[in-house]
Amino acid sequence: MTPEQLSTAVVDALASLVDQGALALPDGVPSEVTIERPRQKGHGDYATNVALQLAKKAGTNPRALAELVAEKLTAADGVAEVEIAGPGFLNITVDAGAQGRLAAEVVAAGSSYGASDAFAGEKINLEFVSANPTGPLHIGAVRWAAVGDALGRIFTMTGAEVTREYYFNDHGGQIDRFSNSLLASAKGEPAPEDGYGGEYIQDIAAAIVAQEPDVLELGDDEAREVFRRIGVEMMFDEIKKSLRDFRVDFDVYFHEDNLHKSGAVAKAVERLTELGNTYEKDNALWLATEKFGDDKDRVIIKSDGNGAYLSGDLAYYLDKRERGFDRCFIMLGADHHGYVGRMNAMCAAFGDEPGKNLEILIGQMVNLLRDGQPLRMSKRAGTVVTIDDLVGAIGVDASRYALARYHSDSPIDIDLDLWAKATNDNPVFTVQYAHARVASLLRNAADLDVVAASHPELLVHEKEGVLLRSLAEFPRVVKAAAELREPHRVARYLEDLAGVYHRFYDSCRVLPRGDEETTDLHRARLLLVDATRTVLANGLALLGVSAPERM
RNA sequence: GCCCCCGUAGCUCAGCUGGAUAGAGCAAGUCACUUCUAAUGAUUAGGUCGCAGGUUCGAAUCCUGCCGGGGGCGCCA
């Protein structure tokens with residue numbers, strides 16, 4: 001008896017009441033109802049507030065409606081008891097046997113347990129990281145590397161077809177500054193006023209000179225071109241390697257430069273002009289974004305004839321839509337939230353629906369703390385906090401988990417000392433330890449030749465019930481994480497599950513002791529443990545974090 | 001000045017898209033190790049959910065205004 005099945009049972013009860021003429025629902029019977037897990041012991045295993053929500057529409061009072069539903073629901077298969085409480089809540093206790101069947105179902109489903117078809121048939125494009133190839137990956141981009149990739153895994157689990165893309169800004173002024181900085185460094189000159197001064201600049205400049213010894217014999221313009229070409233390539237290789245090591249695999253690396261060279265920008269601008277959403281002013285071409293909700297209109301073709309940055313975004317968006325993506329996500333740092341208005345307006349200017357065809361997610365800032373002090377970043381001094389500062393300090397698992405564990409709307413401070421610890425106040429450790437503890441038990445079972453078997457009716461211990469209901473939550477958690485674009489829900493769920501498992505383990509002996517005979521209860525509990533392992537592993541996989549067999 | 005995000009236990013944060021007496025971990029007190037990983041569990045204590053109004057059967061959650069913190073407001077990319 002899972003929450004989904006219970007929801008169906010309640011819906012059936014409502015439908016049956018309507019059929020009998022005992023209930024009138026002008027808007028029809030809902031397709032699903034809210035099933036909650038009450039915090040309070042004594043409020044049953046599950047609760048629903050349907051009576052409170054439908055009473056007004058049905059022209060009756062909540063308690064009377066609750067009585068009607070309760071009567072039907074009590075007779076439903078798998079329901080042990082239904083109580084009416086408070087203003088009209090239905091507190092439902094499920095039949096232990098019906099609930100215990102879940103253990104076998106989870107183990108049978110294996111790595112697909114938690115999957116659903118909530119996003120079946122959707123072609124989803126996720127664009128994230130997209131850091132300029134002018135330096136190593138900074139920490140803000142890494143947040144989305146972890147969260148965006150997890151979101152991709154979650155969407156896949158809910159049936160969507162997901163493509164991960166990295167938009168490579170290899171066009172325009174930032175790149176010029178980058179190449180100028182390399183050139184200056186190679187010539188032993190200080191970094192330009194508006195350039196990059198990090199140590200990596202010197203390293204790359206030296207590497208380029210080593211590769212092309214004659215480069216400094218060329219004129220500045222030609223030399224700068226060499227530095228640009230090779231420097232961007234080197235930087236990009238390094239970023240790709242960092243991401244690969246971070247277990248993020250992009251399907252598409254999209255080059256901004258190509259959009260300008262291929263005529264895609266011109267085509268997008270033409271389309272918008274046809275739609276009557278552009279105009280000329282001050283020798284520049286403007287996109288009328290204000291009428292679509294932006295603060296003001298935006299230049300797309302500058303008065304010097306070059307495309308403004310936004311022009312690449314227009315073309316890129318159009319390209320994604322033409323490649324068949326119904327939903328395009330762009331994940332940005334809070335320092336780019338100012339683009340949300342113009343991007344949504346741009347989407348609307350194409351005749352699309354912002355929030356649906358284009359969804360922009362904003363992630364707040366990330367600080368790394370060591371000894372309680374933030375690692376300060378300063379672009380001027382070239383001391384940007386990078387992926388290596390994070391991964392080097394706490395490893396990939398802890399990094400991904402730490403970044404994915406919080407709501408994207410919250411700024412986060414990652415205490416490097418904490419996340420490196422092998423104790424329970426380190427959340428990733430808590431979850432991984434639970435998995436290792438389960439794995440250990442399964443190994444012991446194999447040594448003892450105890451074979452898991454399904455005996456649902458034997459799993460009647462309170463802690464077994466709590467564990468089963470917790471396992472039953474997982475598909476809902478994954479679905480909610482996808483619908484709300486909130487991968488942190490998976491992490492929080494896993495932490496809770498780890499605690500639930502420890503409490504079960506503490507009160508329910510799984511394996512026979514000494515020369516004790518193996519009973520069906522041992523086998524049934526072992527199956528429950530195996531189911532727990534499955535869910536812990538599946539959840540960690542959604543976050544891209546390893547599930548260790550031993551610790 | 002305008003825009004976005006945040007404000008919940010001493011600390012770090014959840015809060016199931018409006019539900020019942022607001023939760024977890026850590027830190028503090030007490031207790032349980034002939035333990036299947038004690039890297040654990042049990043238990044106690046800890047709160048005017050930033051403040052003030054409003055919406056309704058019901059608000060930490062939605063609306064408005066303040067206060068405090070973070071970020072952003074280029075024909076840069």
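As a basis for the values below, the full set of heavy atoms in this structure was taken, side chains included, without hydrogen atoms, waters or symmetry mates. Numbers restart at 1 for each chain; the letters A, B, ... are given by sequence-line order, proteins then strands.
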Item checked: Listed nucleotide nearest any side-chain atom of Leu52(A), set A20(B), G71(B), G19(B) -> G19(B)
Next item on the list: Can you sort out which residues in residues 508-528 of chain A have a heavy atom within less than 4.0 Å of RNA chain B? Ascending by number, please.
Entry: Cys508(A), Arg509(A), Val510(A), Leu511(A)
Checklist line | Centroid-centroid distance, Tyr166(A) to Phe236(A), less than 6.0 Å | finding: yes
Item checked: Qualifying ring pair (Phe, Tyr, Trp, His ring centres under 6.0 Å) pairs, either residue in residues 472-491 of chain A, two or more places apart -> His407(A)-His488(A), Phe474(A)-Tyr493(A)
Next item on the list: Scan Ala47(A) against the nucleic acid and name what it touches under 4.0 Å (heavy atoms): base, sugar-phosphate only, or nothing.
Entry: base
Note to self: Over all strands shown, is Ala436(A) touching base, sugar-phosphate only, or nothing at heavy-atom distances under 4.0 angstrom?
What the structure shows: base
Check: Are Arg523(A) and Asp520(A) within salt-bridge range, i.e. N to O under 4.0 Å?
Finding: yes
Item checked: Nucleotide opposite A14(B) in a Watson-Crick or G-U pair, distances under 3.5 Å -> none
Note to self: Work out how far the P atom of C5(B) is from that of U64(B), and round it to whole angstrom.
What the structure shows: 11 Å
Item checked: Pair of N/O donor and acceptor under 3.5 Å linking G19(B) base with Asn49(A) side chain -> yes
Checklist line | Side-chain donor/acceptor of Ser7(A) to backbone N/O of Pro3(A), under 3.5 Å | finding: no
Notebook entry, point to check: Looking only at N and O atoms, is any donor in the side chain of Asp425(A) or the base of A27(B) less than 3.5 Å from an acceptor on the other one?
Noted result: no
Note to self: Once salt bridge (Lys or Arg N to Asp or Glu O under 4.0 Å) is applied, do any residues pair with Asp319(A), and if so which ones, sequence neighbours excluded?
What the structure shows: Arg323(A)
Next item on the list: Name the nucleic acid region contacted by Leu448(A), choosing base, sugar-phosphate or nothing; use a 4.0 angstrom heavy-atom cut-off, strictly under.
Entry: nothing
Note to self: For a quick check of understanding: with a heavy-atom distance under 4.0 Å over all strands, which category does Ala445(A) fall into, base, sugar-phosphate or nothing?
What the structure shows: nothing
Item checked: Atom P, compared across G15(B) and C62(B): separation rounded to whole Å -> 12 Å
Notebook entry, point to check: Closer to the 5' end of RNA chain B via nearest nucleotide, is it Ala308(A) or Asn444(A)?
Noted result: Asn444(A)
Checklist line | C51(B) and C11(B), which share atom name P, separated by this distance in whole Å | finding: 15 Å
Check: Does NZ or CZ of Arg492(A) fall inside the cone over Tyr406(A)'s six-membered ring, less than 6.0 Å from its centre and within 45° of the axis?
Finding: yes
Item checked: Heavy atoms of other groups near Lys261(A) NZ, more than 12 under 6.0 Å -> no
Note to self: Roughly how many Å apart are C63(B) and U55(B), using the P atom of each and rounding to a whole number?
What the structure shows: 15 Å
Check: With a 3.5 Å cut-off and no angle check, do the side chains of Lys302(A) and Asn283(A) form a donor-acceptor pair?
Finding: no
Margin query: Let's test your reading of the model: under 3.5 Å, does the base of G71(B) pair with the side chain of His337(A) as donor and acceptor?
Written below: yes
Margin query: Rounding to an integer number of angstrom, what distance separates U34(B) and U48(B) when you compare their P atoms?
Written below: 42 Å
Margin query: Could you check whether Arg485(A) pairs with Glu359(A) (Lys NZ or Arg NE/NH1/NH2 to Asp/Glu carboxylate O, under 4.0 Å)?
Written below: yes
Check: Base, sugar-phosphate, or nothing for Gly172(A), non-hydrogen atoms under 4.0 angstrom?
Finding: sugar-phosphate
Margin query: Nearest heavy atom decides the nucleotide; on that basis, is Asp304(A) or Glu495(A) closer to the 5' end of RNA chain B?
Written below: Glu495(A)
Next item on the list: Examine G15(B): is either OP1 or OP2 under 4.0 Å from a nitrogen or oxygen in the side chain of Arg489(A)? Give yes or no.
Entry: yes
Next item on the list: Ignoring backbone atoms, establish whether Asn283(A) has a side-chain N or O less than 4.0 Å from OP1 or OP2 of C75(B).
Entry: no
Margin query: Just to be sure I understand the rule, does Asp295(A) reach a base, reach only the sugar-phosphate, or reach nothing, if contact means heavy atoms closer than 4.0 Å?
Written below: nothing
Next item on the list: State whether Lys281(A) places a side-chain N or O below 4.0 Å from either non-bridging phosphate oxygen (OP1 or OP2) of C75(B).
Entry: no
Check: What distance, rounded to whole Å, do you find between the two C1' atoms, one in G72(B) and one in G29(B)?
Finding: 47 Å
Check: Given the C1' atoms of G7(B) and G50(B), what is the spacing between them in whole Å?
Finding: 6 Å
Note to self: So Lys296(A), base contact, sugar-phosphate only, or nothing? Heavy-atom distance under 4.0 Å.
What the structure shows: sugar-phosphate
Check: Using a cut-off of 4.0 Å on non-hydrogen atoms, how would the nucleic acid contact of Arg298(A) be classed: base, sugar-phosphate, or nothing?
Finding: nothing
Notebook entry, point to check: Hey, does the side chain of His171(A) come within less than 4.0 Å of C76(B)'s phosphate (OP1/OP2), counting only N and O?
Noted result: no
Note to self: For a quick check of understanding: with a heavy-atom distance under 4.0 Å over all strands, which category does Asp415(A) fall into, base, sugar-phosphate or nothing?
What the structure shows: nothing
Next item on the list: May I ask you to say what Tyr505(A) touches in the nucleic acid, namely base, sugar-phosphate or nothing, with a heavy-atom cut-off under 4.0 Å?
Entry: base
Note to self: Closest approach to the side chain of Gln364(A), judged atom by atom: which nucleotide of C16(B), C5(B), U37(B) is it?
What the structure shows: C5(B)
Check: Under 4.0 Å between a side-chain N or O of Ser410(A) and OP1 or OP2 of A14(B)?
Finding: yes
Checklist line | Complementary nucleotide for A52(B) - Watson-Crick or wobble, under 3.5 Å | finding: U64(B)
